[in-house]
Structures are given as C-alpha cells and as structure tokens.
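On a predicted model such as this, the values are computed, not experimentally measured, just so you know. Proteins come first, then strands; the chains are lettered A, B, ... in the order of their sequence lines, and each starts at number 1.
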Number of protein chains: 2
Amino acid sequence: MSTSPSLSYHHGDLRRALLEAALVILEREGEAGVQLRDLARAVHVSPAAPYRHFDSRAALLEALAVIGFQRFSRKLEDVAASGPAETGMPLGHAYVRFALDNPGLFRLMFSSQLRKDNRPGLRMAADAAFATLRHVMGGNTQGQRNAAISQWARVHGLAVLLLDRHIALPDGQDVEQLIAGVLAQP
Amino acid sequence: MSTSPSLSYHHGDLRRALLEAALVILEREGEAGVQLRDLARAVHVSPAAPYRHFDSRAALLEALAVIGFQRFSRKLEDVAASGPAETGMPLGHAYVRFALDNPGLFRLMFSSQLRKDNRPGLRMAADAAFATLRHVMGGNTQGQRNAAISQWARVHGLAVLLLDRHIALPDGQDVEQLIAGVLAQP
DNA sequence: CTGCAAAGTAAACTATGTCAACTTCACCAA
DNA sequence: TTGGTGAAGTTGACATAGTTTACTTTGCAG
C-alpha cells in the first residue's frame with residue numbers, strides 16, 4: 001500500500017504519506033505526538049517539506065480530524081442503512097465503538113484546540129456527520145428534538161467516559177456488555 | 001486578594017500566585033495559553049522560578065485540574081445536600097452548569113493529555129469527585145448501576161457537546177431551557 | 001551572630017514550528 | 001530537441017518555550 005520508494009527528489013504523494021504516518025502516530029501517542037519534524041523524518045523528507053501541503057501543524061491536524069469525521073459519518077450511515085432503526089441502539093453502539101476503535105482520532109475530532117482557530121473545513125465535516133445522526137433520529141417537534149439530544153448526549157458521554165477510563169468495569173464484565181447494558185436503559 | 005507587592009527577592013506565595021494567574025489564562029485562552037514563561041512574567045519572577053514549585057508544566061496543569069475536581073466535587077455535594085434528590089435533575093444541572101461556567105477548567109480536568117502521564121494526584125481527585133456522584137445516585141444491583149451510568153453519561157455528554165457548541169440552540173431558546181428540556185427526558 | 005536551606009536569578013541547551021532563499025525535475029509549448 | 005516554468009523539496013536560520021545547571025539572596029534556627 002505504501003507508495004513505491006521512488007528515490008527521486010520528488011516524493012510523489014507526500015500529502016497522503018504524511019497523513020498516513022500521522023494517523024499511526026496519533027493512535028500510538030496522541031495528538032501531542034504528531035510532530036511535523038517526526039512525520040517528515042518518517043517519510044524521508046526534509047523538515048520543511050510538509051509546508052508544501054499544509055499551512056501549519058494545525059492545518060494537518062484539521063485534515064486528520066476531517067478524515068475522522070468522514071469515516072465516522074460513513075460508519076453511522078452504514079449502520080443506519082442496514083437496520084430499520086427500531087431503536088437507536090445499533091446506532092449508539094456504532095458511535096461508541098468508533099470512539100473505542102479510534103481513540104486518538106476521536107479525541108482529535110472533538111479537540112478544543114482545533115475548535116479555537118475557526119476552521120471551516122472541520123466545522124463542515126462535523127456538521128455533515130451530525131446531519132447523518134439528525135436525519136436518522138428524525139424529530140421535528142421540540143419534544144422529539146429534546147429526546148434526540150438526550151440520546152446523543154448519552155451516547156457521546158458514554159464514549160468519552162469510556163475512552164478516559166472513568167467508568168470502572170465490574171469484574172467479569174467486558175466493555176461490550178457494559179455498553180449494551182447502558183444503552184438498553186430507557 | 002493579590003499578595004502585597006513585596007519587592008523582595010522572595011515572592012512569598014509564588015505557588016498560589018502562579019496557579020491563580022494560570023486559572024485566569026486557562027479560561028481566557030485555553031490550555032495551550034498556559035505557558036510557564038508567561039505565568040512567570042505575569043507574577044514578576046524569572047522564567048525558571050516556577051520550577052521551585054512545579055516539576056514541569058504538566059505538573060502545574062495537574063495541580064490546576066485537581067483544583068478543578070475539588071471545586072466540582074464541592075458543587076455537587078452542595079446540591080446533593082440541599083435537595084433530597086427526588087430526581088437526579090438538580091445534580092445533573094449542576095454538573096452541566098459547572099462545565100459551562102468553567103469551560104477551560106472543565107476541559108482540562110478531562111484532558112487526555114494529562115491522563116497520559118499517569119498522575120496519581122489527578123486520578124485521586126477525579127475519583128473523589130465521582131465518588132460523590134456515585135454516592136448520591138446510589139445503586140448496588142447491576143440494573144441500578146447501568147441506570148446510574150446512563151444518567152452520568154447523558155449529563156457528561158450534554159456538558160461536552162454544549163461546551164464545544166455542537167448542539168445548535170433553536171432560536172428563541174436559551175441554554176437553560178435546553179438543559180432542562182433534555183434532562184427532563186426519561 | 002552564623003550558617004544553612006529554601007526560593008529566586010541568570011544564562012544556556014534543546015526541540016519544534018516556521019520561514020526565506022535556493023534547487024530539482026516533470027512537463028509542455030515552440 | 002530544447003528551453004523555461006512552476007510545483008515540490010532542500011538547506012539553513014530564527015523565535016519561542018520548556019527545562020537544567022550553577023550561582024545568589026535571604027529568612028530563620030541554633
């Protein structure tokens with residue numbers, strides 16, 4: 001999958017290579033571990049090379065987060081398409097599972113660092129993903145809206161609290177059981 | 001409240017002064033804005049002075065987060081003490097309100113950056129705060145436990161999503177109404 | 001009065017993001 | 001074929017922030 005190691009002056013697909021390397025590091029060391037110089041070294045280019053493709057480190061992180069939202073959105077759509085959504089449970093489960101499967105990415109997507117410098121791309125990607133949610137959950141009246149937000153908040157909160165290991169697992173119970181148990185609540 | 005501007009060589013209460021300055025900056029610029037050199041300058045000491053009181057920047061941030069959890073815990077206890085907790089609503093409301101009133105602090109408390117370097121002090125402060133929650137909500141059976149976690153997750157998720165402005169307010173509705181509406185859901 | 005340890009200072013080291021000036025190279029018009 | 005041009009990389013340097021080491025000041029115990 002990795003680009004052919006053309007030893008030429010030009011890398012050929014540096015942007016993608018940087019993002020791939022960044023994703024690996026992001027999951028292994030978290031956002032702070034994603035350093036432009038390291039990425040450059042990992043891909044065998046000079047420290048300044050990434051600037052041909054990203055205005056700044058923040059821009060690269062934004063690109064990562066956007067990718068994250070796209071994958072996230074896709075996952076949710078898949079689930080929504082497969083089942084007729086009797087309950088929101090499968091959707092909620094997919095939401096939490098995505099977070100647990102991509103901890104670094106998920107945290108980056110909801111990082112407040114990125115939110116500060118108002119990056120329209122990120123906002124749009126996030127809105128698109130949430131639009132999927134909103135569409136699936138439906139609800140026009142205020143009551144339905146509140147119910148939908150309540151569900152969303154619960155699922156999101158569960159994901160975040162599990163990610164940060166704030167919820168202690170009772171011995172003999174695995175995460176899946178816990179998620180199912182919590183999402184089964186009214 | 002600020003320490004008397006004793007122009008002496010020794011500051012007198014540098015640790016507290018640093019934390020106070022850090023809290024202000026934390027709320028104004030977020031975690032990234034909390035820089036040791038800036039804090040030192042703000043308190044009129046040399047850049048290395050903070051190291052007499054904190055091993056590292058991370059240690060200072062941890063101290064801030066611990067303070068946050070203590071305040072948080074106290075808020076929750078106050079609410080729990082005042083009302084007989086018919087519903088969890090007042091507690092949940094206090095939870096969300098704390099987040100909205102102290103955005104920088106709240107985000108720091110749940111920052112994954114700090115969690116990485118396993119800081120026992122932070123973990124203990126967090127556990128103490130959550131113990132309050134657990135105590136108030138009660139619940140020994142697995143069903144009760146799941147219900148409690150469900151409530152907790154919903155409240156936490158609501159706080160986080162509101163902080164990051166991911167929940168759009170319908171026009172003519174303020175945040176309080178939204179919180180009440182969501183927490184009123186079954 | 002004396003001396004010692006706590007609390008600050010000064011100066012330097014390192015790492016990282018970032019920029020400016022230069023270089024290569026693929027590609028295309030003449 | 002040739003020559004130039006712009007995109008993509010390189011080199012070298014700068015600024016800033018965290019951190020360390022060696023030195024200085026000063027309150028205070030004995």
Checklist outcome for this item: Here the distance between atom C1' of D:dA13 and atom CZ of A:R37, to the nearest Å, is 10 Å

Next on the checklist: Check this one for me: any side-chain N or O of A:H53 less than 4.0 Å away from OP1 or OP2 of D:dG9?
Outcome noted: yes

Next on the checklist: I need the CG-P distance between A:L61 and C:dT16, as an integer number of Å.
Outcome noted: 15 Å

Checklist entry - Closest nucleotide of DNA chain C for A:D38 versus for A:R52: which of these residues is on the 5' side? => result A:D38

Checklist outcome for this item: Looking only at C:dG17, D:dT10, D:dT21, the nucleotide nearest the B:A48 side chain is D:dT21

Next on the checklist: Regarding D:dG18, can its base be found pairing with the side chain of B:R57 as donor and acceptor, where the two atoms are less than 3.5 Å apart?
Outcome noted: no

Checklist entry - Sub-3.5 Å donor-acceptor pair from the side chain of A:S56 to the main-chain atoms of A:A59, do we have one? => result yes

Checklist outcome for this item: note: B:Y51, atom OH; C:dA10, atom C1'; distance rounded to Å ~ 15 Å

Item to check | B:R15 CZ - C:dG8 P separation (whole Å) | outcome: 12 Å

Checklist entry - Which whole-number value in Å describes the distance from B:Q35 CD to C:dT16 C1'? => result 13 Å

Item to check | Spacing between A:L36 atom CG and D:dT16 atom P, to the nearest angstrom | outcome: 19 Å

Checklist entry - Just by modelled atom types, is the B:T141 backbone N or O under 3.5 Å from a matching donor or acceptor in the B:Q144 side chain? => result yes

Checklist entry - Under 4.0 Å between a Lys/Arg side-chain N and an Asp/Glu carboxylate O for A:K75 and A:D101? => result no

Item to check | Between D:dA8 (P) and A:R16 (CZ): distance, integer Å | outcome: 14 Å

Item to check | Centroid-centroid distance, A:H135 to A:F130, less than 6.0 Å | outcome: no

Checklist entry - Within this structure, what is the CG-to-C1' distance between B:D13 and D:dG27, rounded to whole angstrom? => result 16 Å

Checklist outcome for this item: Side-chain contact check for A:L14: nearest option of C:dT18, C:dT9, D:dG9 is D:dG9

